[in-house]
Amino acid sequence: MGRALLDLVWAVRFLTDQMVRRGVMFAVCAVFLSMPAENFLTELGDDLMETRAWLAENDCDADCRSLAVQSLMLLDKNLKTQLQIPDMET
């Protein structure tokens, strides 16, 4: 179900309306937050690098930038969990 939502928002991610972009970022955060780590690579593996690059782009809207940073953090957390990489912040 998460993959289906990402497919839907992927088509509208570059629209100029900031409210649409905020909605896209919110949906991406929701998917990254709710998707089980064991399904993460299988569902997103093909688009992972493109997704990271898109989230790392600077948006003119501060809320979109904030949601993109949160999405990247959730993405990294899920990838670490999936790949069993210990957290380096300790």
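Sequential numbering from 1 along the given sequence is applied to the chain's residues. Atoms considered below: every heavy atom in the structure, side chains included; atoms not considered: hydrogens, waters and symmetry mates.
Linking Ile, Leu, Val, Met, Phe, Trp and Tyr whenever their side-chain heavy atoms come within less than 4.5 Å puts Leu15 and Leu6 in one cluster. The same ILVMFWY cluster, assembled from side-chain heavy atoms under 4.5 Å apart, contains both Trp54 and Leu48. Both Val12 and Trp10 are assigned to one and the same hydrophobic cluster, defined by single-linkage of ILVMFWY side chains at heavy-atom distances under 4.5 Å.
Applying the salt bridge (charged side-chain N to carboxylate O under 4.0 Å, His left out) test to every pair with at least one member in residues 22-36, sequence neighbours left out, gives these pairs: Arg22-Asp61, Arg22-Asp63.
Counting heavy atoms from C-beta outward, Glu57 and Phe14 have side chains that approach closer than 4.5 Å. For the pair Cys29/Met73, no side-chain contact is recorded, criterion being any heavy-atom separation below 4.5 Å from C-beta on.
Between the CG atom in Leu33 and the CG atom in Leu75 there is a gap of 12.5 Å [rounded to 0.5 Å]. In this structure, OG1 on Thr16 lies 7.5 Å from CZ on Arg21, to the nearest 0.5 angstrom.
Taking Asp17 as the reference, nothing meets the salt bridge (Lys or Arg N to Asp or Glu O under 4.0 Å) condition, with sequence neighbours excluded. Checked against salt bridge (Lys or Arg N to Asp or Glu O under 4.0 Å), Arg52 has the following partners two or more places apart in sequence or in another chain: Asp76. Residues passing the side chain to side chain contact (heavy atoms under 4.5 Å, CB included) test with Leu5, sequence neighbours excluded: Leu8, Val9, Ala27, Val31. Partners of Leu55 under the side chain to side chain contact (heavy atoms under 4.5 Å, CB included) rule, at least two apart in sequence or in another chain, are Met25, Val28, Phe32, Thr51, Ala68, Ser71, Leu72. Glu50 meets the salt bridge (Lys or Arg N to Asp or Glu O under 4.0 Å) test with Arg13; sequence neighbours excluded.
The minimum heavy-atom distance linking Gln18 with Cys64 is given by the pair O-SG, 4.1 Å.
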